[in-house]
Amino acid sequence: MSQVLLKAENINKYFGATHAVADLNLELFTGEIHGLIGENGSGKSTFSSMLCGIHTISSGTLTLIGKEIKPKSQVEANKLGISIIVQEMGTLPGLTVAENLFLGEEDRFMHGIVKDSRAMNKEAQKLLDSYGFNHIKASKMIDHYSFEERKLVEIVKATYFNPKILVVDETTTALSHDGRQELFKVMNKTREMGSTVIFISHDLDEVLEHTDRVSVLRDGVLVRTLNTQEVTTDDLKREMVGRELKNKYYRTDYDEEVSNEVVLSLNDVSVPGEFDNINLDLHKGEIIGIGGLSECGMHEIGKAIFGASYNRKGKVILKNGYEVNSIPGAIKHSIAYASKDRDNESIVIADSIGDNIILPSLDDLSKKGFLNLKAAASFAQKFAVQMSTKMTGIKQYVSELSGGNKQKVVLARWIGKDSDILILDSPTRGIDVRVKADIYTLMSELKKQGKSIIMISEELPELLGMSDRIFIMKDGKFNGEFKRSRELGEKDLIAKMI
Ligand SMILES: Nc1ncnc2c1ncn2[C@@H]1O[C@H](COP(=O)(O)OP(=O)(O)OP(=O)(O)O)[C@@H](O)[C@H]1O
């Protein structure tokens, strides 16, 4: 018989005038995986951040196993048995993997004022190995590892002490197919131990598959809690949005010919240690999808094309013969790039929405070296609104936006720039169902206008649904190429990944 593990009563959170969570009441049971869903900016992260000591509560009461709690920091929340795997990067650069794992726990390894790093590394490695993450070395600097590997470290950090409540905030989209399976194993184990998992995801199929109950937030208000077994994804969408969603999702055309005109070529492009000798022609109006398992090298390809890899070999050539070797050169020649590591590589967090959107278009918005402020503001406003960014205004800082809304700012910037070639790494990561449909429609429109897109994605349905051609990478090489077809399925792609 399940018992109430956590009771949230009349919880409110204000950020200035923004009422991010409004009078929320919720009971979480022992041994359940509880889905938390809602559109971008509906308050999911804010609520879970209050549980985990990242934000304080404006008003209301949280009771954990009959005792009121008021965690004021993540370390304090951890001590109460509550942990979180955050949406963006949850590890600290400049520290080793072991130091990240035991942040706030250093006392365990101190002999007087001397830290026993060897003991710390040994214990950290033991933990990593027990999760099957042997390829991650405890003594190495965390900076050495990719976004996904750092997420795996976070999984260990958030669960090794068997928390009573584990929050998984939009983590699956940071992981590839194999990483996700590892995460689900950890979530199931947590449930089996009688703890509770709060699972936040925009992938409604995944929510249905892995949760026992689902709570739906709309504008900070908890509108329903449902038994997962009794609902469909359409029910969930309706609850989230408040009406029936009729937009089509992916492309429905299958037999259209793509132009022969090559707009960008990769000639024997390599980045040592990442991928080798990649050759690829991107055509006018073509959407190429690139997929693969973790560490297959696909994320580095995007960077390499955009001139952002340090030691790239080979050539990236545009149809006019221009060789792309630097980021300014790429932008000048109408190439756009959205990185998977959004906060570190795609946006300037400590700047406004407006400034972020106009950044690559400064030249176009300036006359004789002076920025036309009025034109810049209306430009930013236009594209922020086009992407349905939930904001108080374009002067709001990006750091105050929800994860999905940050992603909308990244896309707004490049849509505004009107680039001819778009390299989009995980473009719908953290984006809600409604805007996801809008992004796919936008990609189809860009294609019709003759723009070309390389979409790097962990999402197999997205690759299948949107690409004219799909390349699957394995161990730094293309291992399979597929032409768009109704018959093509996820199994075909997975077979080339493993
Ligand atoms: N530090 C902050 N300062 C000001 N406003 C904030 C801050 N953090 C969040 N907000 C606002 O609170 C609201 C809820 O945001 P929250 O991040 O909880 O949404 P979410 O449901 O997790 O969205 P997503 O699916 O995009 O991650 C949004 O309007 C957001 O802009």
Side-chain angles (χ1 to χ4, degrees), residues 8 11-24 26 34-58 60 73-74 84-90 151 167-174 198-204 206-207 214-224 236-237 239-242 340 342-343 346-347 349-354 356 384-385 387-412 426-439:
I11 302 292
N12 284 284
K13 179 69 188 178
Y14 294 91
F15 293 108
T18 306
H19 197 175
V21 172
D23 278 324
L24 184 143
L26 178 65
H34 196 105
L36 196 56
I37 62 168
E39 290 187 83
N40 294 134
S42 58
K44 304 178 295 295
S45 297
T46 304
F47 171 65
S48 45
S49 299
M50 288 189 283
L51 285 183
C52 302
I54 298 169
H55 292 313
T56 52
I57 298 168
S58 300
S73 68
Q74 262 181 282
I84 184 167
I85 305 167
V86 294
Q87 208 177 111
E88 286 310 310
M89 200 67 80
K151 276 282 155 212
V167 179
V168 179
D169 189 356
E170 195 60 49
T171 304
T172 43
T173 45
I198 298 179
F199 181 56
I200 301 176
S201 172
H202 288 292
D203 185 330
L204 301 180
E206 194 174 79
V207 171
V214 191
S215 287
V216 186
L217 285 176
R218 209 188 295 155
D219 292 326
V221 175
L222 199 157
V223 285
R224 290 286 289 277
L236 295 182
K237 280 185 206 166
E239 293 293 343
M240 279 168 64
V241 179
K340 180 179 176 186
R342 180 170 59 218
D343 282 10
S346 272
I347 36 177
I349 277 283
D351 205 346
S352 69
I353 296 166
N356 266 280
V385 169
M387 290 309 300
S388 326
T389 312
K390 188 176 176 189
M391 55 179 184
T392 54
I394 54 165
K395 290 198 173 138
Q396 187 175 15
Y397 267 50
V398 167
S399 54
E400 295 182 356
L401 291 183
S402 75
N405 282 292
K406 285 180 193 160
Q407 181 70 357
K408 292 178 198 171
V409 171
V410 174
L411 294 173
S426 316
T428 62
R429 191 165 84 79
I431 294 269
D432 67 43
V433 275
R434 181 168 26 186
V435 182
K436 224 173 186 180
D438 292 346
I439 290 176

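For ligands, and for the atoms within them, numbers begin at 1 and follow the listed sequence.
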If the cut-off is 4.0 Å to any non-hydrogen atom of [X], which atoms of ligand 1 fall inside it?
| X | result |
| --- | --- |
| S42 | 19 (O), 20 (P), 21 (O) |
| T46 | 14 (C), 15 (O), 16 (P), 18 (O) |
| A20 | 12 (O), 13 (C) |

- Task: List in chain and number order the residues that pass salt bridge (Lys or Arg N to Asp or Glu O under 4.0 Å) with K390, two or more places apart in sequence or in another chain; answer none if no residue qualifies.
- Result: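 Only D219 meet the salt bridge (Lys or Arg N to Asp or Glu O under 4.0 Å) criterion with K390.
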Using a plain distance cutoff, I'd like to know if [X] has any nitrogen or oxygen under 3.5 Å from a nitrogen or oxygen of ligand 1.
| X | value |
| --- | --- |
| S402 | yes |
| H55 | no |
| E400 | yes |

Looking at [atom], what's its closest protein heavy atom, distance included?
| atom | result |
| --- | --- |
| atom 27 (O) of ligand 1 | Q87 NE2, 3.0 Å |
| atom 1 (N) of ligand 1 | F15 CE2, 3.7 Å |
| atom 21 (O) of ligand 1 | K44 NZ, 2.8 Å |
| atom 29 (O) of ligand 1 | T18 CG2, 3.9 Å |

- Using side chain to side chain contact (heavy atoms under 4.5 Å, CB included) as the criterion, point out the one residue from D169, I37, T172 that pairs with F199.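 Of all the options given, the one that passes is T172.
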- Query: Contact between H202 and ligand 1, counting heavy atoms under 4.0 Å?
  - Reply: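 Judged by the 4.0 Å heavy-atom criterion, H202 does count as contacting ligand 1.
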Is there side-chain contact between [X] and [Y], with at least one heavy-atom pair below 4.5 Å?
| X | Y | result |
| --- | --- | --- |
| H34 | L26 | yes |
| L222 | F47 | no |
| L204 | M240 | yes |
| I347 | Q407 | no |

- Query: Between A384 and I353, what is the shortest heavy-atom contact and its length?
  - Reply: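 Result for this residue pair: CB-CG2, 4.4 Å.
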- Query: Between G41, G16, G43, which one has a non-hydrogen atom sitting closest to atom 28 (C) of ligand 1?
  - Reply: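 The nearest heavy atom belongs to G41.
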- Proximity winner for atom 22 (O) of ligand 1, if only heavy atoms of G38, S45, S49 are counted: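 It is S45 that holds the nearest heavy atom.
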Please tabulate, for side-chain N and O atoms in residues 48-55, each donor-acceptor pair with protein atoms closer than 3.5 Å (sequence neighbours left out).
unit_1, atom_1, unit_2, atom_2, d
S48, OG, K44, O, 2.9
S48, OG, S45, O, 3.2
S49, OG, S45, O, 2.5

- Query: Quick one: OG1 on T18 to CD on Q396, what's the gap to the nearest 0.5 Å?
  - Reply: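 Here the interatomic distance stands at 6.0 Å.
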- Task: Specify side chain, backbone, both or neither for E39, according to which of its non-hydrogen atoms lie closer than 4.0 Å to ligand 1.
- Result: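 For E39, the contact with ligand 1 is made by the backbone alone.
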